[in-house]
Protein chains: 2
Amino acid sequence: MGISKTEDFTKRQNEIATLMKALSHPARIAIIDYLLSVDTCICGDIVNELPLAQATVSQHLKELKNVGLIKGSIEGNAICYCINEKTFVKFQDYLSGIFKKIKVQACC
Amino acid sequence: MGISKTEDFTKRQNEIATLMKALSHPARIAIIDYLLSVDTCICGDIVNELPLAQATVSQHLKELKNVGLIKGSIEGNAICYCINEKTFVKFQDYLSGIFKKIKVQACC
DNA sequence: AAACTCTATCGTAATATTGCGATATACAAA
DNA sequence: TTTGTATATCGCAATATTACGATAGAGTTT
């Protein structure tokens with residue numbers, strides 16, 4: 001992404017941007033969609049669900065895990081991923097703060 | 001961002017990802033924050049508000065404009081930007097579809 | 001017209017992302 | 001212990017992002 005001047009912005013602005021970045025790829029949206037659609041936790045099925053190689057899916061999962069949007073637990077041989085609702089709630093709080101300020105406004 | 005296999009995902013997934021990407025930089029969150037804080041439309045003041053060069057700000061504004069999150073109108077010499085509430089509402093609709101599925105769930 | 005202001009765009013350097021094959025690691029099963 | 005299965009990580013090529021100085025284009029002012 002090139003050098004980015006994170007230190008010049010607020011913690012909140014950086015946190016929002018970080019969450020947005022984690023969700024800025026359709027494959028990662030597809031992963032979230034899938035995890036939301038299955039009630040029980042799933043692991044390697046995600047690889048079968050997506051049109052991407054195992055290494056690529058693993059990388060996307062890592063990015064989602066790094067920002068806390070999903071979490072994984074070891075299930076014997078496999079790893080079971082699921083939504084981490086805490087981070088979603090935090091994200092939702094940030095966004096509702098923005099959305100509630102949106103209003104129809106005449107532009108100049 | 002490297003090659004990304006957009007065609008393998010749904011229109012909805014790509015649209016959400018595109019909006020997220022536009023908001024995935026703290027400077028662009030700061031621009032949105034600023035536009036929301038001023039009632040009347042602002043133009044070059046955004047450059048003064050941010051710790052970035054004019055060329056860089058112009059580039060960020062272009063990205064936000066490209067996805068329709070803001071709009072600009074010519075005001076004599078200057079350009080006046082403001083929030084485009086329509087796109088925000090669309091984004092909010094997409095997100096509420098996701099958020100309402102979030103629930104506390106035991107992970108495996 | 002000349003000088004000034006505002007904004008977009010070009011060009012470029014530094015760095016990040018995406019995707020995947022190959023490989024490593026870890027556990028399970030035979 | 002050997003084989004198989006599941007997942008992470010390494011290394012690389014292709015491409016995208018970020019930042020900014022320089023410059024161009026368009027309108028204003030004098």
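Throughout, a chain's letter reflects where its sequence line sits, starting with A, and its residues are numbered from 1. Just so it is clear, the values below take in all heavy atoms, side chains as well, and ignore hydrogens, waters and symmetry mates.
- Side-chain contact check for B:Ile31 versus B:Tyr81: every heavy-atom pair is 4.5 Å or farther apart.
- Atom CD1 of A:Ile31 is separated from atom C1' of C:dT18 by 13 Å (rounded to the nearest Å).
- For the pair B:Leu64 CG and C:dT7 C1', the computed distance is 16 Å after rounding to whole Å.
- Listed by first residue number, the stems of DNA chain D with at least three Watson-Crick or G-U pairs below 3.5 Å are C:1-30 with D:1-30.
- Mapping A:Ala27 and A:Ile74 onto DNA chain C by nearest heavy atom places A:Ala27 at the nucleotide closer to the 5' end.
- With sequence neighbours excluded, the residues forming a side-chain contact (heavy atoms from CB on, under 4.5 Å) with B:Asp45 are B:Tyr34, B:Ile42, B:Asn48, listed by chain and number.
- One atom, CE of A:Met20, and another, P of D:dT17, lie 17 Å apart when rounded to the nearest Å.
- Linking ILVMFWY side-chain heavy atoms closer than 4.5 Å, directly or via other members, places B:Val38 and B:Leu36 in a single hydrophobic cluster.
- Every residue meeting the side-chain contact (heavy atoms from CB on, under 4.5 Å) condition with A:Gln92, not counting sequence neighbours, appears here in chain and number order: B:Phe99.
- In this structure, CG of A:Leu50 is placed 11 Å from P of C:dC20, rounded to the nearest angstrom.
- A:Lys21 has no side-chain polar atom (N or O) that falls below the 4.0 Å cut-off from OP1 or OP2 of D:dT17.
- The interatomic distance linking A:His25 (NE2) with D:dT15 (P) rounds to 15 Å, in whole Å.
- Taking the side-chain contact (heavy atoms from CB on, under 4.5 Å) definition, one finds that A:Thr10 meets it with A:Arg12, A:Gln13, sequence neighbours left out.
- Side chains of B:Asn84 and B:Ile70 form no contact here, defined as non-hydrogen atoms less than 4.5 Å apart.
- The CD-P distance, from B:Glu75 to C:dT5, rounds to 19 Å in whole Å.
- Note: CG (B:Asn48) to P (C:dT5) measures 13 Å, nearest angstrom.
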Collect all protein-nucleotide pairs involving nucleotides 3-10 of chain D in which both atoms are nitrogen or oxygen and the distance is under 3.5 Å.
| unit_1 | atom_1 | unit_2 | atom_2 | d |
| --- | --- | --- | --- | --- |
| D:dT5 | O2 | A:Asn77 | ND2 | 3.1 |
| D:dT7 | OP1 | A:Gly44 | N | 3.1 |
| D:dT7 | OP1 | A:Ile79 | N | 3.2 |
| D:dT7 | OP1 | A:Ile79 | O | 3.2 |
| D:dT7 | OP2 | A:Gly44 | N | 3.4 |
| D:dA8 | OP1 | A:Tyr81 | OH | 2.4 |
| D:dA8 | OP2 | A:Ser58 | OG | 2.9 |
| D:dA8 | N7 | A:Gln54 | NE2 | 2.8 |
| D:dA8 | N6 | A:Gln54 | OE1 | 2.9 |

Taking distance alone, no hydrogens or angles, what donor-acceptor pairs closer than 3.5 Å link side-chain atoms of residues 56-67 of chain A to residues at least two apart or in another chain?
| unit_1 | atom_1 | unit_2 | atom_2 | d |
| --- | --- | --- | --- | --- |
| A:His60 | ND1 | A:Arg28 | NH1 | 2.9 |
| A:Glu63 | OE2 | A:Arg28 | NH1 | 3.2 |
| A:Asn66 | ND2 | A:Lys62 | O | 3.4 |

